[in-house]
Amino acid sequence: MKQIWNRYRSTVFQNCTDASQSSEELSYWRNYLFALTILYIAPLSFIAIIPGIYMAFITGLQFLFIANILTLLILPIIAFYPGLSLGVRKFIFFFGLYLASTALLYELGSFGPGLIFLLATTFFITLIYDEKKAIWSVYIITVICITFGVLIYFEATESIMLQEYRIDSWFALSANLIFLCLVAVLIVPGLFRGLQSSLQKRNQLQAEVLKNKEELEQSMIQLKEKALELQESNRELEQFAYTASHDLKEPLRMIRNFMDLLEKNYAPQLDDKAKKYIHFAADGAKRMNELIDDLLEYSRISRLYSEFETVDMNKLVDSVIGMFEAQIEEQNAVVGREQLPQVIGVPVSLKLVFQNLIGNALKYHDKNTAPRVEIKGEETETHWAFSVSDNGIGIDEKYFDEIFLLFKRLHSNSEYSGTGMGLAMCKKVVEQHGGEIWVTSEKGKGSTFYFTIKKDRQA
Ligand code: ADP
């Protein structure tokens with residue numbers, strides 16, 4: 001049974017819809033409604049046809065018999081007859097409806113369903129056809145009303161109509177009928193227009209969203225590619241820096257050794273000027289050595305120092321303070337720390353950060369005041385946050401960002417020695433730990449360096 005119904009359904013839909021239309025068009029839904037109507041009306045019409053034929057036999061009304069037989073024929077033709085265009089099927093359906101309702105009105109007057117059928121046909125036409133075609137239903141009703149009016153006026157038939165209506169009452173009924181049809185033709189398409197425009201808007205919006213999504217995906221892919229390229233070139237650069245620095249160390253050692261030998265073995269022959277030059281050359285070589293060491297260390301971050309583990313920051317900071325013991329004593333400095341949290345990080349890298357920050361806090365200092373360095377740390381919801389503050393010379397606000405760049409120094413080597421790599425190293429480590437580093441400072445009063453470490457990493 002279900003199979004038969006499914007076959008019947010697919011045949012009706014095949015014949016009574018337009019496969020080339022997409023469900024986003026309003027006309028698709030109009031045709032869909034037509035197909036649905038035929039689908040149900042064909043079997044359901046038996047409910048009306050069987051008692052109709054029975055009535056025709058009892059009353060001897062020939063036309064009733066013909067109307068029922070016509071309906072019996074027309075509906076299967078619309079539903080099944082192959083090769084008919086959708087327009088023709090619709091035309092046959094509505095032609096049949098008008099014919100049936102007019103005949104019923106003619107033969108049965110208000111006692112039959114003719115008037116209701118006429119009105120229903122008009123409403124139905126407004127659903128199935130667009131505005132321009134639907135207006136024809138008003139013309140048709142008008143023509144029917146006038147024709148009936150003429151027949152009544154001239155008493156030209158034997159129909160029940162003539163017994164039931166006088167011309168003035170028919171005129172009143174016709175006016176109402178035409179009025180209702182006109183209302184339907186004007187109102188229903190308005191509703192459809194609204195639906196159509198909201199459908200279009202929705203489709204437009206969907207298309208835009210889709211386009212944006214595609215663009216976004218495209219840029220994400222490009223971004224990923226660029227990130228990979230960047231990673232690769234960073235890796236190459238680090239490798240290059242490492243190799244270059246490594247290879248530079250050997251000739252540099254030679255220079256330093258021969259300078260030493262020159263100074264030792266030829267000291268008596270050298271005048272003061274020559275000795276001064278040798279001293280400058282040796283000093284330059286020493287500084288270059290420091291630079292290379294720092295560069296090597298910089299290139300090791302992430303590349304070699306990459307093992308994340310649980311680190312007790314109290315122990316780590318204490319060991320760094322220990323490294324500065326002699327300097328602290330010499331400068332009469334006070335370096336203190338609060339209770340610090342445990343973190344997940346790369347110990348060697350983190351040690352480098354504190355080494356540089358504490359080292360700088362002790363170095364960039366007025367000779368006459370004793371350095372006071374304070375190290376603090378706390379846990380936030382997403383990060384561990386640390387700070388190193390001092391009472392040193394301070395930094396001008398305009399350099400707050402620049403000082404973290406590679407080789408950026410604010411002082412000459414004769415004022416404060418250094419390579420300009422310490423803070424760049426700190427930045428690299430902090431970024432390796434998914435955090436940020438920044439400074440606040442007041443010139444002449446001191447500086448505080450802050451940095452964070454992201455918490456969601458596994459040891
Ligand atoms: P270096 O110390 O080798 O010069 P850094 O990268 O560690 O290189 O520092 C960059 C610059 O930032 C320094 O030259 C210095 O001028 C400034 N600086 C860093 N730390 C401090 C500090 N605690 N107080 C004042 N200035 C600082």
Side-chain angles (χ1 to χ4, degrees), residues 234 237-238 240-242 244-246 248-249 252 255-256 279-302 305 320 323-324 326-328 330-331 333 335 348-373 375 386-432 435-451:
N234 255 353
L237 209 69
E238 277 174 3
F240 170 77
Y242 176 76
S245 330
H246 198 262
L248 276 173
K249 286 207 82 150
L252 195 65
I255 296 172
R256 292 180 67 186
H279 173 75
F280 283 150
D283 196 45
K286 185 172 152 259
R287 280 198 1 93
M288 194 160 172
N289 197 47
E290 283 168 4
L291 257 168
I292 289 171
D293 280 344
D294 278 357
L295 213 56
L296 274 171
E297 199 66 347
Y298 184 83
S299 80
R300 284 185 190 118
I301 301 166
S302 297
Y305 306 155
V320 175
M323 287 164 66
F324 289 102
Q327 195 178 340
I328 290 170
E330 187 193 322
Q331 288 182 282
V335 182
V348 208
S349 300
L350 293 176
K351 208 164 180 177
L352 272 177
V353 174
F354 279 106
Q355 224 168 290
N356 279 299
L357 293 183
I358 297 172
N360 281 348
L362 292 171
K363 179 165 61 170
Y364 294 104
H365 220 276
D366 193 336
K367 302 277 177 297
N368 305 320
T369 42
R372 297 186 70 86
V373 185
I375 299 138
F386 296 91
S387 68
V388 178
S389 48
D390 62 53
N391 57 341
I393 56 171
I395 303 163
D396 198 322
E397 197 180 334
K398 64 180 175 206
Y399 298 116
F400 280 4
D401 289 328
E402 275 182 47
I403 50 171
F404 294 98
L405 298 176
L406 212 57
F407 304 123
K408 180 69 193 179
R409 305 209 65 223
L410 303 183
H411 303 95
S412 71
N413 227 43
S414 55
E415 280 178 291
Y416 299 98
S417 70
T419 58
M421 293 201 59
L423 290 178
M425 238 186 270
C426 294
K427 190 168 166 27
K428 196 174 175 192
V429 171
V430 169
E431 279 168 2
Q432 178 195 19
E436 281 178 278
I437 185 164
W438 68 98
V439 66
T440 58
S441 178
E442 208 177 320
K443 236 178 142 29
K445 293 206 167 150
S447 318
T448 304
F449 284 83
Y450 300 90
F451 72 93

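Here the structure is a predicted model, which is why all the values come from computation and not from measurement.
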Fill in the blank from the handout: With sequence neighbours left out, the residues meeting side chain to side chain contact (heavy atoms under 4.5 Å, CB included) with Thr419 are Glu290, Leu291, Asp294, Met421

Fill in the blank from the handout: Contacts satisfying salt bridge (Lys or Arg N to Asp or Glu O under 4.0 Å) that involve residues 394-409 (not counting sequence neighbours) are Glu402-Lys408

Problem - Sequence-distant partners of His411, side chain to side chain contact (heavy atoms under 4.5 Å, CB included), two or more places apart - result: Tyr364, Ile393, Glu415, Tyr416

Problem - Distance-only polar pair, side chains of Ser387 and Ser389, donor-acceptor under 3.5 Å - result: no

Problem - Non-neighbouring partners of Tyr450 that pass side-chain hydrogen bond (donor to acceptor under 3.5 Å, both in side chains), sequence neighbours left out - result: none

Practice task
For Asp293 and Asn289, run side-chain contact (heavy atoms from CB on, under 4.5 Å): C-alpha distance rounded to whole Å, both residues' side-chain angles, the deciding distance at 0.1 Å, then the answer.
Solution key: CA-CA 6 Å; Asp293 280 344; Asn289 197 47; 3.9 Å; yes

Handout entry: Pairing residues for Lys351 by the salt bridge (Lys or Arg N to Asp or Glu O under 4.0 Å) criterion, not counting sequence neighbours
Key = none

Completion exercise
By salt bridge (Lys or Arg N to Asp or Glu O under 4.0 Å), Arg300 pairs with (sequence neighbours left out) Glu297

Completion exercise
Residue pairs meeting salt bridge (Lys or Arg N to Asp or Glu O under 4.0 Å), one or both in residues 440-451, sequence neighbours left out, come to Glu442-Lys445

Completion exercise
Sorted by chain and number, sequence neighbours left out, side-chain hydrogen bond (donor to acceptor under 3.5 Å, both in side chains) with Arg287 holds for Asn413

Problem - Aromatic ring proximity Phe451/Phe354, centre distance under 6.0 Å - result: yes

Problem - Residue list, side chain to side chain contact (heavy atoms under 4.5 Å, CB included) with Glu436, at least two apart or on another chain - result: Trp438, Thr452

Fill in the blank from the handout: Lys363 meets the side-chain hydrogen bond (donor to acceptor under 3.5 Å, both in side chains) criterion, sequence neighbours left out, with none

Exercise for the section: Quick one: list whatever passes side-chain hydrogen bond (donor to acceptor under 3.5 Å, both in side chains) with Gln327, sequence neighbours left out. Expected result: Gln331

Handout entry: Partner residues of Ala424 under the side chain to side chain contact (heavy atoms under 4.5 Å, CB included) criterion, sequence neighbours left out
Key = Tyr298, Leu406

